[in-house]
Protein chains: 2
Amino acid sequence: MVTSMSIRLPASARREQLLEVALQVFARQGYHGASMNDVADAAGVTKPVVYQHFDSKRDLYLALLDAVGERLLTAIYTATAGATSGKHVTELGFQAYFRWVAHDHDAFLLLFGGGGKADDEFNDAVRKVTAQVAESIKPLIAADIDPEHQRTLAHALVGIAEGASRRLVDNGTDFDPDLLARQVSDMAWAGLRAVSRPPTAAGSNPDSPRRIRRASTR
Amino acid sequence: MVTSMSIRLPASARREQLLEVALQVFARQGYHGASMNDVADAAGVTKPVVYQHFDSKRDLYLALLDAVGERLLTAIYTATAGATSGKHVTELGFQAYFRWVAHDHDAFLLLFGGGGKADDEFNDAVRKVTAQVAESIKPLIAADIDPEHQRTLAHALVGIAEGASRRLVDNGTDFDPDLLARQVSDMAWAGLRAVSRPPTAAGSNPDSPRRIRRASTR
DNA sequence: CATAGAGGTGACCATAGGGTAATCGTGGCG
DNA sequence: CGCCACGATTACCCTATGGTCACCTCTATG
């Protein structure tokens, strides 16, 4: 979309456009499924133009991964900045995530849509993002449990967001990010609280000592 | 591994070996990163042999995806078959999943390691697996909430398993699947319980999520 | 209006890799 | 002991595509 068709553009603008267009192309066709020609075509230019702005296909992809990861992270950071309670942070965090998915659809696909990696450097870029999200989540988790356990749960939370999103994105369903955030964060927060409660009880075994045994059931 | 180096093998055995070897190769190098020659080499044969057993690269990959998904599903099904309480099912389910990851390492990578898809058919195969896992999880979730909400939570649970696993696998860390299952299922189950009934004890938040959130929207 | 230089192009190279055709060799069977 | 069929190989084709080079064409500027 936007401008196109062999219209002359100042370098910086062209670069932006290429990034924008490349995101769409890669998100839809994956790294290997999309050729540099595809990108160029989508931008209404020819291949050499792309190479005037990016050294290689990898370079372009990496730049994209970077930009896109940055967007997600800042979205989450700014959203949760003003929150007070842990529960509030949780909900705002998920909200930011799901809003990002809903709005920056292609970005989600690029990062988590299995677009085609199999490359250490690409994996690192993605891992770095999830790790940072996880890191920002860690404070929500009771500080009195094993750090490794903390990390596990943090990554589990990231997984929640990813899992919930993927289904909707794959499905093509339109969804209300805020509703989703409420539903999911309710579950997540309750889960986190429950974990923080019992005095660690590390190494609990089959003959579990005492967990919170809230009778009820169903 | 196993036999190799130009040793003659009966067709069915060779086929099995090829599947086994191809799993490793694809898991490590991704779909595009691995050539049919790579697969053949890893099996100690030449390309045409591979093509005698599989029509195309896609075909081979699809067969792999299928086999591997099947393994995960049956692992979960059989593991949770004898469970009684919801909590028990949850823990056994996660246990089966994490054991599968720990043991069938390459399988996890193939399915969820972003090995390189960008292909609708491949995506379908993977989606089918997660969908089935999610389906098997759904009964754990309160039946009195919106079905769509149920599905969301089910997929969120799958995301938990995936997120927790990915970190460890990417990290190369060795881990104890059973411990992980306990940690994670504690959180997950608590989360599920909280959703199924009005906020348990402890002051929740203002806009308490009444049990039935038949949030119209969409 | 000449011109420099940035923006852009067409044509091309080189190689990887999916897929196939023709051929070989060996072990079991009559 | 010969032969056939199955397992395997060598050699090859051909398309797609990452990447480059030489050249063109606007437009701003003196």
Side-chain angles (χ1 to χ4, degrees), chain A residues 2-23 25-26 28-65 115-122, chain B residues 2-22 24-26 28-65 115-122:
Chain A
V2 198
T3 64
S4 63
M5 286 314 257
S6 68
I7 288 178
R8 249 162 132 146
L9 240 49
S12 71
R14 179 66 75 193
R15 189 176 202 276
E16 289 310 305
Q17 187 223 13
L18 283 174
L19 281 171
E20 192 186 321
V21 159
L23 174 57
V25 173
F26 281 131
R28 276 165 177 59
Q29 319 193 36
Y31 181 73
H32 294 281
S35 71
M36 288 302 257
N37 256 324
D38 290 341
V39 174
D41 283 354
V45 282
T46 51
K47 213 169 21 161
V49 172
V50 181
Y51 279 96
Q52 275 161 16
H53 294 275
F54 303 93
D55 287 341
S56 67
K57 196 183 181 184
R58 298 179 61 78
D59 194 50
L60 170 57
Y61 198 73
L62 242 13
L64 235 33
L65 244 31
K117 305 160 200 174
D119 179 291
D120 282 340
E121 211 170 344
F122 295 169
Chain B
V2 196
T3 65
S4 65
M5 284 315 257
S6 69
I7 286 180
R8 261 170 120 135
L9 241 48
S12 70
R14 180 66 75 194
R15 190 176 202 275
E16 288 311 306
Q17 188 223 11
L18 284 174
L19 281 171
E20 192 186 322
V21 159
Q24 288 174 236
V25 173
F26 282 130
R28 277 165 178 59
Q29 318 192 38
Y31 181 74
H32 295 281
S35 71
M36 288 301 255
N37 257 323
D38 290 340
V39 173
D41 283 353
V45 285
T46 51
K47 216 177 5 167
V49 172
V50 181
Y51 279 96
Q52 275 160 16
H53 294 275
F54 304 93
D55 288 341
S56 67
K57 197 182 180 184
R58 298 178 63 79
D59 193 49
L60 171 57
Y61 198 74
L62 242 13
L64 236 33
L65 244 31
K117 302 158 200 174
D119 179 290
D120 282 339
E121 209 169 347
F122 294 168

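The chains referred to below are lettered A, B, ... by the order of the sequence lines, with proteins before strands, and numbering in each begins at 1.
- With hydrogens and angles disregarded, no donor-acceptor distance shorter than 3.5 Å links the side chain of B/K47 to the backbone of B/V39.
- Residues A/L62 and A/F122 share a closest heavy-atom pair of CD1-CD2, 3.4 Å.
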B/S/- along nucleotides 24-30 of chain C (protein heavy atoms under 4.0 Å) is -BS----
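- A close approach under 4.0 Å does not occur between any side-chain nitrogen or oxygen of A/R58 and OP1 or OP2 of D/dG18.
- The CZ-C1' distance, from B/R15 to D/dC6, rounds to 17 Å in whole Å.
- Nearest nucleotide to the A/S35 side chain, out of C/dG8, D/dT17, D/dT10: D/dT17.
- The residue among B/H53 and A/N37 whose nearest nucleotide of DNA chain D lies closer to the 5′ end is B/H53.
- Between B/A11 and A/D55, the residue anchored nearer the 5' end of DNA chain D, judged by the nucleotide with its closest heavy atom, is B/A11.
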Run A/D55 and A/Y51 through side chain to side chain contact (heavy atoms under 4.5 Å, CB included) and show every step you take. CA-CA 6 Å; A/D55 287 341; A/Y51 279 96; over 6 Å; no
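- Nucleic acid contact class of B/A34 (heavy atoms, under 4.0 Å, all strands): sugar-phosphate only.
- Judged by a 6.0 Å distance limit and a 45° cone about the ring axis, B/R58 is not positioned over the six-membered ring of B/Y31.
- Between the side chain of A/Q52 and the base of C/dG8, a donor-acceptor pair under 3.5 Å is found.
- One interatomic measurement links the two molecules: CG of A/L9 to P of D/dA28, which rounds to 14 Å at whole-angstrom precision.
- Rounded to whole Å, atom C1' of C/dG17 lies 12 Å from atom CZ of B/F26.
- Side chain A/K47 to base D/dG18: a donor-acceptor pair is found below 3.5 Å.
- Distance from the side chain of B/V45 is smallest for D/dT9 among the nucleotides D/dT9, D/dG7, C/dG19.
- Under the side chain to side chain contact (heavy atoms under 4.5 Å, CB included) rule, B/V21 has a single partner from B/L18, B/L19, B/V25, which is B/V25.
- When the C1' atom of D/dT17 is taken as reference, atom CG of A/L60 falls 15 Å away, rounded to whole Å.
- For the pair B/D41 (side chain) and B/D38 (backbone), a donor-acceptor distance under 3.5 Å is absent.
- A/Q29 has its CD atom 14 Å from the P atom of D/dA16, to the nearest Å.
- Here the side chains of B/H32 and B/F26 are not in contact, with every heavy-atom distance at 4.5 Å or above.
- Atom P of nucleotide C/dG8 and atom CG of A/D41 are separated by 15 Å, given to the nearest angstrom.
- In this structure, B/F54 places its CZ atom 15 Å from P of C/dT20, rounding to the nearest Å.
- Between the CZ atom of B/R14 and the P atom of D/dA8 there is a distance of 4 Å, given to the nearest Å.
- Each of B/R15, B/R14, B/E20 was scored for a side chain to side chain donor-acceptor pair (under 3.5 Å) with B/Q17, with one residue passing: B/R14.
- Listed nucleotides C/dT20, D/dT20, C/dT9 differ in distance to A/Y51; the shortest reach to its side chain belongs to D/dT20.
- For B/K57 against C/dG17, no side-chain N or O and base N or O form a donor-acceptor pair under 3.5 Å.
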